[in-house]
Structures are given as structure tokens and as C-alpha cells.
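In each ligand, atom 1 is the first atom listed, and ligand 1 is the first ligand listed. As a basis for the values below, the full set of heavy atoms in this structure was taken, side chains included, without hydrogen atoms, waters or symmetry mates.
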Amino acid sequence: MNGFVAVITGGSVYMQGEQVKMIGSLGAGLLALSVTEVLLSLAVFSLIFLVIHRRRIRIPPGLKEPPGPSSLPLIGRNLQLGPNPHLRLTALSKQYGDIFQIQIGSRPVVVLSGQDTLKQALIRQGDAFAGRPDLYSFRFINEGKSLTFSHEYTEVWRIRRKLAQSALRTFATDECRNSTHSCLLEEHVSGEAQRLVGIFTELTRSRGAFDPVRYIVVSVANVICALCFGKRYAHDDQEFLGVLSVADEFVKTAASGNLADFVPILRYLPGCSMRKFININIQFTNFIKKIVTEHYNTFDKDNIRDITDSLIDHCQDKKVDENANIQISDEKIVGLVNDLFGAGFDTITTGLSWTIMYLVKYPDIQKKVQEEIDENIGRARSPQISDKLLLPYTEAFILESFRHSSFVPFTIPHCTTKDTTLNGYFIPKNTCVFVNQWQVNHDSSLWKDPFTFCPQRFLNPDGKSINKAESEKLLLFGMGKRRCIGESIGRIEIFLFFTALVQQLQFEKKPGQDIDMTPQYGLTMKHKRCEVQVVHRFPATE
Ligand code: HEM
């Protein structure tokens with residue numbers, strides 16, 4: 001019988017065919033061993049590991065450790081999670097309940113599901129569950145100073161979050177006096193959407209069919225660029241396209257359950273994408289730094305142009321929470337634009353492209369959306385935020401696209417900030433927590449036929465308004481202290497882009513091509529790229 005390779009480094013194991021090598025914490029250098037010896041070593045190791053593991057966590061009397069599947073010692077369970085952790089962890093929640101524990105590498109991870117349990121953890125016990133784990137990949141995002149990903153959960157984090165929220169409000173959704181639009185967000189999205197209609201029409205004319213995501217991403221990124229930096233880029237700007245193209249790689253590595261975050265040796269193996277991840281973060285940060293430097297050089301206190309200017313202004317005025325006497329570096333304040341720009345384009349691009357895929361997949365539903373827009377907005381003017389109430393079916397369609405795709409399957413991983421108890425289970429401080437949004441959106445106790453695409457489910461029986469209770473069950477932006485700060489921008493932007501596109505264009509699949517709606521797992525889940533074509537609903541000759 002052939003042997004196999006087991007490499008153990010600093011508490012991590014890696015196995016492959018043929019020989020046996022043991023390195024690192026065993027301190028033995030490289031040894032060639034027989035299969036029996038390896039199995040014996042593993043058994044001893046497992047025993048030591050389990051003893052240490054049990055000792056480390058002292059469960060207070062009357063409480064229990066969360067249940068969960070037994071795991072391979074040191075490797076944990078991740079190797080068995082497969083390519084779709086959201087499906088695997090949802091299946092495990094059926095077996096073990098809303099709170100269960102898996103071992104990934106040397107780290108226990110608590111997985112939370114179920115609407116009530118999530119409300120209990122993230123809202124009622126919000127403080128205890130509001131941390132972020134110190135994951136290896138997160139250290140490279142925004143040079144470790146990210147509001148979103150860094151481990152820091154302190155007063156500084158709270159002030160930075162408030163600052164980011166206030167800057168977003170001022171430059172996106174606050175009422176706009178010197179514009180024909182209700183706010184700057186509406187103005188920017190309307191402009192970008194009209195350009196997109198022109199591009200899609202021209203691409204269909206010249207090429208027959210095209211990949212919509214390639215163009216949606218530039219239009220959406222231009223909106224957040226306008227808010228953050230007061231500028232936009234052409235659809236063929238190579239530097240901008242280069243920066244935007246990193247999103248796919250980013251969301252794969254930053255997703256819940258990336259094995260390289262939990263098993264250190266995997267970061268150094270050939271084929272591991274961690275080096276690429278580090279490089280794309282450097283590229284992204286350098287792009288932002290260049291724009292921020294331009295802003296410092298041209299800054300005029302009496303003419304605050306955008307979010308970056310307003311953050312520079314905050315630094316210069318030292319307005320930040322003077323009462324609390326908390327010092328925050330200028331870098332950490334102005335660096336917030338990195339978080340906003342990063343979060344502001346991939347999520348919305350992904351959400352909007354899913355809505356286009358569902359339109360193409362369900363032509364009858366597309367027709368109903370068009371009829372509603374024709375009746376209530378007509379052709380003469382662009383859709384506005386205030387039209388939302390007039391378009392309940394359209395709104396229901398967008399909500400159902402959010403629910404059915406659940407394109408943010410897990411929130412960004414959380415971490416407990418103190419020892420806590422949830423539904424009788426003891427969860428120690430610093431435990432990594434995965435929040436399964438996909439499970440809530442497909443829970444058959446909450447939704448009838450959860451796997452059927454049915455916009456109607458979000459409407460009241462008369463079909464004329466959104467059923468508030470149903471729409472509040474949908475979980476895509478997290479909840480509690482870490483809830484997305486761009487939620488209202490995200491919802492408005494997708495609504496405005498979507499209605500402007502559907503008002504003028506009919507989307508169809510490329511003849512002979514089937515659409516593959518299987519989501520590809522990541523922090524945001526994408527559909528497979530495919531080509532579509534459009535028909536202009538009222539061409540210039542009409
Ligand atoms: C459809 C669009 C969007 C979706 C589905 C979405 C979803 C999410 C989710 C699930 C989280 C994590 C919540 C948690 O960890 O519990 C999050 C966090 C965050 N989002 Fe969004 N987001 C969207 C758009 C935006 C936009 C447009 C911005 C800003 C311009 C933004 C900024 C942020 C920030 C800064 C955080 C981190 C909050 C924190 O850690 O305290 N998001 N978002």
C-alpha cells in the first residue's frame with residue numbers, strides 16, 4: 001500500500017499522496033514515516049489537540065457548547081464545506097439547529113441561522129456580536145485600517161462609522177437645491193443610466209449580443225466615484241477598468257470560510273490566491289491614494305466638492321468628537337473613502353446584474369414590469385426616487401431578485417467581543433461567527449416555495465402596495481450594529497438604474513444560449529457571465 005504526505009506546520013496539516021513529511025511544531029525537521037506511524041501520530045495529535053481545545057474553553061455550569069459535526073483535528077471541517085458553503089452550512093443548520101459550531105483549521109467558528117436567532121444575537125445582544133475576527137486576509141484590506149474589515153471595535157470605530165454615514169448622507173441622499181433632481185444620487189444615477197441605455201443599444205446594433213456586467217460595473221462605479229471623488233471615467237479607461245476588475249478576486253478571498261484564513265500553511269502553497277489578494281489590495285489602495293493626494297493639493301475650504309473633501313475638512317477642523325477627546329489619525333479619517341468606494345460598486349453591480357438575468361429568464365415578468373412603468377411614468381421623463389410608491393410590482397421584482405439570489409450569502413464574518421450566551425449556548429470572547437443570510441432567505445418556515453421566483457409574494461393581496469411584513473423578512477444588508485451603512489443608497493441606486501433601463505429597453509437572451517443562474521460562491525455571489533441583447537422599446541423613428 002502506498003503512503004501519503006502529511007505536512008504539519010505550526011498546528012496546521014496538509015495531506016497529499018505518496019510520502020510523509022512532518023515539519024514545524026513537531027520540531028523534527030523532515031522525516032520519512034510509514035503509514036502506520038503517520039496514523040498513530042495523527043491520533044496522538046488529535047488527542048492532544050482535543051484535550052487542549054476542551055481545556056481552553058471553560059463552559060460555565062448550566063450552559064452548553066454549541067453542537068456541531070465532529071471535525072478532522074487541526075484541519076477542521078472546511079475541507080468538507082465544498083464549493084458552496086452557504087448550501088452546506090444551511091444543510092448543517094437543519095441537522096444541528098440555528099446555532100452550531102464547526103472547526104475550521106485550529107479555530108472554532110459559530111454559524112448562526114434563523115431569523116429569530118439572528119435578531120437575538122445581532123440586535124438584542126448587538127454589542128457582544130459586533131466585532132470582526134482578526135483574519136489574515138483582512139489585514140491587507142485598506143492597509144489594515146478598514147472600517148469594515150479591521151478587528152478594531154472601539155470608540156474610534158464608532159466615530160469613524162458615524163463620520164462615513166454622515167458624509168454619505170450629505171453627498172448622496174440629502175435634498176439638493178440647485179438641481180432638477182431630488183438629490184445628487186438621483187442626478188448621478190440618471191445620467192449614468194441614460195449613457196448605459198445608449199451603450200447597450202449600440203452594442204446590440206454593432207455586435208448582436210454583449211456581456212452587460214462589463215458595462216454595468218463602470219456605470220455603477222462612476223456613481224460612487226462622483227460622490228467620493230467628484231469625477232467619472234470613460235467606459236474604456238484602462239486604469240479604471242483595471243481597478244474594477246479586481247472585484248471578482250477580492251470577493252472570493254474575503255468570503256466567509258476562505259480556508260487560507262484558518263490554515264496558515266495554505267497561504268504559501270502554489271495556487272493559493274493570497275499573494276494575488278495582497279497585490280490587488282495594494283493596487284486598489286494606490287489608486288485611491290493618488291486621488292486623495294490630488295484632493296489635498298487642490299483643497300479649498302470654501303468649496304467642499306465631494307466626500308473626500310469633506311473628510312479632509314473634518315481633519316483640518318478637528319471636528320471629530322472633540323468632547324470625547326478621542327484622537328483619530330487623518331489617515332484613518334480620509335481613508336474612509338477607500339471603504340466607501342470599495343463597498344459601493346461591487347455590491348450594486350452584482351445586485352443590478354442579477355435583476356437583468358431574472359428579466360431575461362422570465363420574459364412574462366419583464367412584460368409586467370414594463371407595463372407598470374409605462375402606465376405610471378410613461379416615456380417622456382426619467383424615473384425618480386419618488387416613483388417607488390407608484391411601482392409596487394417593479395419594487396417586488398427587485399426584492400424577489402434580492403431574496404432568490406441572496407447574492408450576499410453571509411454577512412462579513414463577525415466576532416464576539418466578550419463571553420456571551422445565546423439560547424443557552426456559551427460562546428466565548430473572540431469566537432468567529434458566520435451569519436447565514438442565505439438560510440433566512442430560503443427558510444421554508446418563512447417563505448412559501450422559497451426556491452420559486454415569485455415577485456408577487458412581496459405584494460399585498462390587492463397588488464397595489466408592498467407587503468411591509470414580507471419585505472422586512474428579507475435579509476441582505478445585515479442587521480444591528482454592523483448593518484450596512486450604504487443600504488439606502490444601494491436600494492435607491494438599483495431601483496433607479498433598473499427602472500431607467502427597463503423603461504427603454506427589452507432584455508433578451510442571445511439566441512441559442514442558455515442562462516446559467518447558478519451562483520458562484522463569494523462575499524458577493526455572481527451569476528456566470530453571459531451575453532444578452534436588447535430591443536429599444538421606442539426607437540428614435542417612432
Ligand atoms: C445592494 C447593495 C449592498 C448590499 C447588499 C450590502 C450589504 C452589506 C452587508 C451584508 C454588510 C455586512 C453587514 C455585517 O457584517 O453584518 C455590509 C457592510 C457595509 N456596507 Fe454594504 N451593501 C451594499 C451597498 C453598500 C454601499 C453602496 C455602501 C457605501 C457606499 C456600503 C458600505 C458598507 C460598509 C462601510 C459596511 C461595513 C459596516 C461595518 O462594518 O460597520 N454598502 N454591506
Q.
Would W157 count as a contact residue for ligand 1, given that I'm defining contact as a non-hydrogen atom of the residue lying under 4.0 Å from a ligand atom?
A. yes
Q) Which is it for I412 and ligand 1 at heavy atoms under 4.0 Å: side chain, backbone, both or neither? A) both
Q: Look at D116 together with R124 and state whether they make a salt bridge at an N to O cut-off of under 4.0 Å.
A: no
Q) Nearest to atom 31 (C) of ligand 1, what protein heavy atom do you find, and at what distance? A) A343 CB, 3.5 Å
Q) Taking the non-hydrogen atoms of E493, is any one of them nearer than 4.0 angstrom to ligand 1? A) no
Q) Looking only at N/O atoms, are H414 and ligand 1 under 3.5 Å apart anywhere? A) yes
Q.
Suppose we measure from atom 26 (C) of ligand 1 to each protein heavy atom; which comes out shortest, and what is that distance?
A. G486 CA, 3.6 Å
Q: Please write down residue, atom name and distance for the protein heavy atom closest to atom 37 (C) of ligand 1.
A: T148 CG2, 3.2 Å
Q) How far is atom 13 (C) of ligand 1 from its nearest protein heavy atom, and which residue and atom is that? A) R482 O, 3.2 Å
(Q) So if I count the atoms of ligand 1 from 1 in the order they appear, which ones are less than 4.0 Å from some heavy atom of V408? (A) 5 (C), 10 (C)
Q) Only one of Y96, Y425, F426 clears side-chain contact (heavy atoms from CB on, under 4.5 Å) with P66; which? A) Y425
Q: Look at atom 20 (N) of ligand 1 and say which protein heavy atom is nearest, naming residue and atom and giving the distance to 0.1 Å.
A: C484 SG, 3.2 Å
Q.
Would you say the ring centers of F495 and F397 fall short of 6.0 Å from each other?
A. no
**Q.** Plane angle bin for F341 and F284 - parallel if under 30°, tilted between 30 and 60°, otherwise perpendicular
**A.** parallel
Q) Looking only at distance, does R161 have an N or O less than 3.5 Å from an N or O of ligand 1? A) yes
Q: Could you establish whether R132 and ligand 1 come within less than 4.0 Å of each other, counting only heavy atoms on the residue side?
A: yes
**Q.** Close approach of I348 to ligand 1, heavy atoms, under 4.0 angstrom
**A.** yes
Q: Please work out which of the three classes, parallel, tilted or perpendicular, describes the rings of Y521 and H86, given edges at 30° and 60°.
A: parallel
Q | Sole candidate of I494, L244, I348 that passes side-chain contact (heavy atoms from CB on, under 4.5 Å) when paired with V220 | A | I348
Q.
Checking ring-ring contact (aromatic ring centres under 6.0 Å, His included) between F277 and each of Y136, F140, F250, which is the one that passes?
A. F250
Q: Identify which one of E372, K368, K388 satisfies the side-chain hydrogen bond (donor to acceptor under 3.5 Å, both in side chains) criterion when paired with T394.
A: E372
Q | Atom indices of ligand 1, in the order listed, that fall short of 4.0 Å to a heavy atom of I224 | A | 30 (C)
Q: Can you establish whether the number of heavy atoms outside Q165 located under 6.0 Å from its atom CD is more than 12?
A: yes
Q: Starting from atom 4 (C) of ligand 1, find the nearest protein heavy-atom neighbour and note its residue, name and distance.
A: F477 CE2, 3.4 Å
Q. Should the proximity of L122 to ligand 1, defined as any heavy atom under 4.0 Å, be assigned to the side chain, the backbone, both, or neither?
A. neither
(Q) Which heavy atom of A193 sits nearest to which heavy atom of L501, and what is that distance? (A) O-CD2, 4.4 Å
Q) Among the heavy atoms of Q437, does any lie under 4.0 Å from an atom of ligand 1? A) yes
Q: Identify, for atom 7 (C) of ligand 1, the protein heavy atom at the shortest distance, and state residue, atom and that distance.
A: L476 O, 3.5 Å
**Q.** Close side-chain approach of L163 and L336, heavy atoms under 4.5 Å
**A.** yes
Q.
Can you confirm whether or not the ring centre of F138 sits under 6.0 Å from the ring centre of H151?
A. no
(Q) Could you identify the single nearest non-hydrogen protein atom to atom 2 (C) of ligand 1 and state the distance to 0.1 Å? (A) T347 CB, 3.6 Å
